[in-house]
Number of protein chains: 2
Amino acid sequence: MTNSALAEATQSYHHGNLRRELLKQALEHLKQVGPDKISLRALARDIGVSQTAPYRHFPDKNALLAALAAHGHRQLTEVTQAAVDAAEDDAQKFIDIGLAYIDFARANPELYKLMFGPVLESPMEFPELVEAGQRAFAMILTVIQEGINRKHFVQDDARILANGAWSMVHGIASLWIDGMYRCADGTFPSDETHLDETVIANSLKLLVNGILYKGE
Amino acid sequence: MTNSALAEATQSYHHGNLRRELLKQALEHLKQVGPDKISLRALARDIGVSQTAPYRHFPDKNALLAALAAHGHRQLTEVTQAAVDAAEDDAQKFIDIGLAYIDFARANPELYKLMFGPVLESPMEFPELVEAGQRAFAMILTVIQEGINRKHFVQDDARILANGAWSMVHGIASLWIDGMYRCADGTFPSDETHLDETVIANSLKLLVNGILYKGE
DNA sequence: ACCACCATGTTTACAATGAAAACTTTACTC
DNA sequence: GAGTAAAGTTTTCATTGTAAACATGGTGGT
């Protein structure tokens with residue numbers, strides 16, 4: 001068994017392939033207790049390994065969380081890219097892309113909080129994370145630039161359009177996740193989850209209306 | 001000195017009026033170390049009081065943070081209300097209100113993170129906080145409703161307009177605070193803080209354009 | 001086949017934290 | 001002036017992140 005790939009696949013090696021297992025368990029714990037309360041020791045305990053074993057794979061807790069966040073960014077980019085590819089070339093396209101992004105955030109709230117919240121320290125120091133972020137932004141920029149080329153937009157500064165679109169989508173996702181989306185009377189929606197998509201889509205439309213060039 | 005109001009005003013009582021002092025120091029620590037790393041013990045130490053003294057004024061750490069967040073919401077509502085009052089009745093009005101909100105977030109990033117981030121646990125259990133949030137939303141609704149009454153908007157569902165506007169503003173504030181606002185090439189702005197207002201205002205305009213009724 | 005090495009885990013240890021429990025002090029009330 | 005309840009203290013405990021020193025076992029060079 002000199003093949004390390006085989007070693008990874010099986011249960012062998014010294015004590016299993018920990019790094020993968022750690023990230024898997026971390027994601028599980030993340031979903032259950034939220035990003036703040038993740039404990040390295042609890043992870044190690046649940047995996048059945050010593051409390052300091054994780055430090056052979058990550059310099060510290062923050063680094064593990066960063067790896068988790070990077071994975072999340074890649075996933076998010078994936079689902080958004082899928083929406084981009086599937087979309088027809090009209091206004092609905094932008095709505096659909098936004099909805100895909102927001103759906104991911106709603107389906108993985110704790111992960112999303114980790115990715116964009118203040119839990120992670122000095123995220124810019126993790127190349128993996130920075131690259132994932134740039135990839136996501138590049139994707140948005142591509143879509144935007146296409147729109148600019150086709151003269152779909154009221155303005156042709158890609159930076160403003162991309163940041164504006166991202167802000168809107170991120171804002172909706174954040175507020176919704178934190179339960180801050182409100183009814184007209186200031187109270188919170190009870191359980192009409194079937195209305196969500198419509199409400200969100202309508203909010204998105206506001207921005208799309210502001211961006212799209214309305215041919216006379 | 002039977003007057004408890006006087007007692008609060010002066011330095012007297014048992015060992016000074018702690019509650020006020022705690023919140024003050026907490027705000028200071030918040031600015032310096034961020035919401036995650038605030039430590040009750042450090043607060044007590046800096047004030048010169050025993051480590052468990054805070055527990056006579058707040059049931060736990062979370063409650064202290066909630067009080068801090070509530071204070072932040074009141075401040076935020078205040079500055080935004082001021083912008084509402086100062087604004088003339090045209091499109092620029094909405095830009096100005098949004099900018100005031102975002103300026104507060106940029107001036108008090110750690111406080112803003114505490115108010116809207118995932119740090120605070122079960123925020124809905126703090127009536128003080130819930131009320132502050134409702135007051136803020138009510139203010140937005142008032143402005144929106146006025147606009148609806150004057151037929152300024154392309155749509156008359158106040159909930160959608162208010163949530164949409166808030167999402168946009170919150171999204172911009174969050175991304176900016178976390179340093180995720182990007183240049184057109186996907187990199188981050190270096191130090192052109194003088195350009196900020198313009199860039200932000202332009203993003204805001206995208207939404208305002210989408211909301212305002214454009215009389216033929 | 002041997003042996004030295006390095007990656008991976010373990011044991012032990014330490015300091016910081018949030019919080020509970022029991023005790024002490026002080027200001028105000030009757 | 002005694003008693004009471006609020007405000008503060010001391011002591012204690014479990015949990016956490018992480019450093020340091022040690023153990024182990026698979027691998028590669030000779």
Side-chain angles (χ1 to χ4, degrees), chain A residues 1-26 29-30 32-68 114 119-122, chain B residues 1-26 29-30 32-68 114 119-122:
Chain A
M1 196 177 301
T2 58
N3 187 335
S4 79
L6 179 59
E8 273 189 15
T10 72
Q11 168 74 333
S12 83
Y13 218 120
H14 202 179
H15 273 85
N17 64 358
L18 235 195
R19 193 192 153 94
R20 199 91 59 184
E21 199 69 24
L22 272 171
L23 288 173
K24 186 173 144 192
Q25 274 287 336
H29 281 215
L30 179 67
Q32 285 170 6
V33 304
D36 279 337
K37 296 224 171 43
I38 280 197
S39 144
L40 280 196
R41 288 168 104 113
L43 289 186
R45 222 176 299 141
D46 279 16
I47 294 181
V49 84
S50 120
Q51 19 169 109
T52 57
Y55 288 90
R56 294 295 135 191
H57 296 273
F58 301 95
D60 56 17
K61 183 183 173 181
N62 196 50
L64 192 157
L65 293 182
L68 217 54
L114 173 63
V119 182
L120 211 54
E121 271 170 62
S122 46
Chain B
M1 194 176 304
T2 58
N3 188 333
S4 79
L6 179 59
E8 272 190 15
T10 72
Q11 168 74 331
S12 82
Y13 219 118
H14 200 181
H15 274 85
N17 64 1
L18 235 195
R19 193 192 154 92
R20 198 89 59 183
E21 198 69 22
L22 272 171
L23 288 173
K24 186 174 143 193
Q25 274 287 336
H29 277 65
L30 180 66
Q32 285 170 6
V33 304
D36 279 337
K37 297 224 170 42
I38 281 197
S39 143
L40 281 195
R41 289 167 104 114
L43 290 186
R45 221 176 299 141
D46 278 17
I47 293 180
V49 85
S50 118
Q51 21 169 100
T52 57
Y55 289 92
R56 294 294 136 188
H57 296 275
F58 300 94
D60 56 17
K61 182 184 174 182
N62 196 50
L64 192 157
L65 293 182
L68 217 53
L114 174 63
V119 182
L120 211 54
E121 272 170 63
S122 47

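Every chain is numbered from 1, with letters handed out A, B, ... down the list of sequences.
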When you check the phosphate oxygens OP1 and OP2 of [N], does a side-chain N or O of [X] lie under 4.0 Å from one of them?
X: A/S50; N: C/dG9; answer: no
X: B/R19; N: D/dG8; answer: no
X: A/H57; N: C/dA7; answer: no

Atom [atom1] of [X] and atom [atom2] of [N]: how far apart are they, to the nearest Å?
X: A/F58; N: D/dT18; atom1: CZ; atom2: P; value: 13 Å
X: B/L40; N: C/dA20; atom1: CG; atom2: P; value: 12 Å
X: B/R41; N: C/dA16; atom1: CZ; atom2: C1'; value: 7 Å
X: A/N62; N: D/dT18; atom1: CG; atom2: C1'; value: 13 Å
X: A/L18; N: D/dG26; atom1: CG; atom2: P; value: 16 Å
X: A/Q51; N: C/dG9; atom1: CD; atom2: P; value: 15 Å
X: A/I47; N: C/dT8; atom1: CD1; atom2: C1'; value: 14 Å
X: A/Y55; N: C/dT8; atom1: OH; atom2: P; value: 17 Å

Quiz prompt | Where A/A44 and A/Q51 come nearest, the two heavy atoms and their spacing | solution = CB-CA, 3.9 Å
Quiz item: Is B/L22 close to B/F58 at the side-chain level, that is, under 4.5 Å between some pair of heavy atoms?
Solution: yes
Practice problem: Would you mind classifying the nucleic acid contact of B/I38 as base, sugar-phosphate or nothing, using non-hydrogen atoms under 4.0 angstrom? | Solution: sugar-phosphate
Practice problem: Report the C-alpha distance between A/E121 and B/D36 in whole Å, list the side-chain angles of each, state the deciding distance to 0.1 Å, and finish with yes or no for side chain to side chain contact (heavy atoms under 4.5 Å, CB included). | Solution: CA-CA 10 Å; A/E121 271 170 62; B/D36 279 337; over 6 Å; no
Self-check item: Value rounded to 0.5 Å, distance of CZ in B/R41 from OG in B/S50
Solution: 9.5 Å
Practice problem: Tell me which nucleotide among C/dT8, C/dT17, D/dA7 gets nearest to the side chain of A/R56. | Solution: C/dT8
Quiz item: Taking the nucleotide of DNA chain C with the closest heavy atom to each, which residue, B/K61 or A/T52, is nearer the 5' end?
Solution: A/T52
Practice problem: Mark yes or no for a side-chain to base donor-acceptor pair under 3.5 Å between A/R45 and D/dT15, with no hydrogen or angle criteria applied. | Solution: no
Quiz item: Do B/I38 and B/L64 pass the side chain to side chain contact (heavy atoms under 4.5 Å, CB included) test, and can you show the C-alpha distance, the side-chain angles, and the key distance before you say yes or no?
Solution: CA-CA 10 Å; B/I38 281 197; B/L64 192 157; 5.8 Å; no
